[in-house]
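What you see is a predicted model, and the numbers here were worked out from it, not measured in a lab. In listed order, ligands and their atoms are each counted from 1. As a basis for the values below, the full set of heavy atoms in this structure was taken, side chains included, without hydrogen atoms, waters or symmetry mates.
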Amino acid sequence: MRLWKNLLMALAMSVFAASVAEAADPKDPKDVKIGFVVKQPEEPWFQDEWKFADIAAKEKGFTLIKIGAEDGEKALSAIDNLGAQGAQGVIICTPDVKLGPGLVARAKANQLKLMTVDDQLVNSKGKALEDVPHMGISATKIGEAVGQAIVDQIKARGWNVKDVGAIRVSYDQLPTAKDRVEGAISVLKQNGFLAQNIFDAPQSKTDTEASLNAATVVLNKNPNIKKWVAFGLNDEAVLGAVRATEAVGLKGTDVVGVGIGGSDAAINEFKKPSPTGFYGSVIISPKRHGYETTLNMFNWVLANKPPEKLTLTSGKLATRDTYVAVRKDLGLQ
Ligand code: GLA
């Protein structure tokens, strides 16, 4: 009797294990389902990431499920939702990197392979979760490229660096944001920029409006400074600062803003008939972050080939004169 019971139990367990293994390990591309969750679905950068992820899905014949998750609760329920739909993997740019351990646990509970893009997860001590495969930009280097572009323009315009103010649009709770602005500042300082002329403009959210509000405070507090440079996490941050300089009556020739991204937000600015204070953008690759991450996840799900633990992508400065060529170079046409 007992033996039978044990045998039945073993049989039931192996059937269960097989179905779990099957769910987690599809053999055919058409059975693969991958989620792509982003924190700010309305931002052109994330629209582009999704666009390139869709191309990968079409090419390989798997299903891509795109979900916007603007806060932690939505991110966690997106993972559950994907689990319920039978997805096997998820790529996420989380709205809050401190959700790290929670997201990892939730993905595990739903038997989802997890990879992050753009913003790397951290634990409660702020340390990166290095076991979760991640693709992000080389934040410090790209920040340095921003700083160099600004310095070059200060020189080209014949400004005395001591008269120039810098708006540091900041979102320091996000490590990649902090690294980007610190990269820019290091180059400014190496080139004689005065530390006391660099003003922090903390944004409450990473969008243009929040940046405009933060930068307006800085400008209103320093009416005697007539030449400004601006940098931040992305194009939206810098565009907000540039709009703030326009609102206080500064001309495009008095402002050098250099963003990071190169999606529509920047391109539309370059297309304006005359130059604004938004001088340039270091174009990064939504193609790599969207197409490559999705393909990496596909290979992980189907062939059990895990992605690299860390991939850092590069960027290239573009201005209104060069953006067409730079985009072409990056395969972004
Ligand atoms: C962060 C920013 C985005 C974009 C990506 C690039 O997520 O919020 O605007 O710059 O990094 O990795």
Side-chain angles (χ1 to χ4, degrees), residues 36-53 67-72 75 91-100 103 115-122 128 132-146 169-184 202-211 214 230-241 257-269 278 280-294 296 310-318 330 332:
F36 203 121
V37 180
V38 303
K39 63 179 180 179
Q40 267 169 299
E42 77 292 347
E43 190 184 304
W45 167 261
F46 295 108
Q47 293 282 332
D48 282 350
E49 269 184 355
W50 271 351
K51 181 180 95 188
F52 287 110
I67 304 177
E70 293 90 342
D71 59 41
I91 300 149
I92 186 166
C93 176
T94 172
D96 178 1
V97 290
K98 291 205 194 75
L99 274 179
L103 281 174
M115 173 171 189
T116 53
V117 69
D118 300 317
D119 301 353
Q120 192 171 24
L121 302 177
V122 298
V132 179
H134 175 70
M135 184 186 287
I137 67 168
S138 5
T140 305
K141 266 201 186 145
I142 285 173
E144 286 165 1
V146 168
V169 181
S170 61
Y171 194 73
D172 286 350
Q173 59 267 54
L174 178 61
T176 184
K178 191 163 184 215
D179 292 346
R180 296 176 198 188
V181 293
E182 289 304 322
Q203 48 181 175
S204 54
K205 277 174 65 185
T206 58
D207 63 12
T208 302
E209 192 189 338
S211 162
F231 49 88
L233 163 70
N234 53 17
D235 290 331
E236 284 72 12
V238 175
L239 280 169
V258 177
I260 295 172
S263 306
D264 278 354
I267 304 305
N268 291 340
E269 195 72 10
F278 188 85
S281 173
V282 176
I283 300 195
I284 52 180
S285 179
K287 184 173 182 184
R288 293 203 63 192
H289 288 227
Y291 180 89
E292 212 174 295
T293 49
T294 310
N296 288 345
L310 183 66
T311 307
L312 296 179
T313 59
S314 59
K316 199 159 184 229
L317 177 70
L330 293 170
L332 299 176

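Classification of E182 and K178 as a salt-bridged pair fails, no side-chain N sitting under 4.0 Å from a carboxylate O. Ion pairing of D96 with K98 is absent here, as no side-chain N (NZ or NE/NH1/NH2) approaches a carboxylate O to less than 4.0 Å.
Contacts of N234 with ligand 1, taken as heavy-atom pairs under 4.0 Å, involve the side chain alone. Counting heavy atoms under 4.0 Å from ligand 1, residue T176 does not touch it at all. Under 4.0 angstrom from ligand 1, there are no non-hydrogen atoms of E236. Proximity of E49 to ligand 1, defined as any heavy-atom pair under 4.0 Å, is not found for any part of the residue.
Rounding to the nearest 0.5 Å gives a distance of 7.0 Å between CG of L233 and CD1 of I260. A distance of 8.5 Å separates OG1 of T293 from CG of D118, quoted to the nearest 0.5 Å.
Distances shorter than 4.0 angstrom occur between a heavy atom of H289 and an atom of ligand 1. Residue contact annotation: T206 has no non-hydrogen atom under 4.0 Å from ligand 1.
When all heavy atoms are compared, the tightest approach of E49 to F36 is OE1-CE2, 3.7 Å. When every heavy atom of G259 is checked against every heavy atom of V238, the shortest pair comes out as CA-CG2, 3.7 Å.
Considering only heavy atoms from C-beta on, L332 comes within 4.5 Å of K287 through its side chain. With contacts defined as side-chain heavy-atom distances shorter than 4.5 Å, the pair P133/N296 does not qualify.
The ligand atoms of ligand 1 that sit less than 4.0 angstrom from a heavy atom of D119 are 1 (C), 7 (O), 11 (O). When each atom of ligand 1 is checked for a heavy atom of I137 under 4.0 Å away, the hits are 12 (O). Close contacts between ligand 1 and D118 involve ligand atoms 5 (C), 6 (C), 7 (O), 11 (O), 12 (O) [criterion: under 4.0 Å to a heavy atom]. Which parts of ligand 1 touch I284 is read off a 4.0 Å heavy-atom cut-off, strictly below it: atoms 6 (C). Proximity to E43 (heavy-atom distance under 4.0 Å) selects the following atoms of ligand 1: 3 (C), 9 (O).
For atom 11 (O) of ligand 1, the closest non-hydrogen atom of the protein is R180 NH2, 2.8 Å. Scanning all protein heavy atoms for the shortest distance to atom 8 (O) of ligand 1 gives K39 NZ, 2.9 Å.
Between the side chains of Q47 and S263, no donor-acceptor pair is found at a separation under 3.5 Å.
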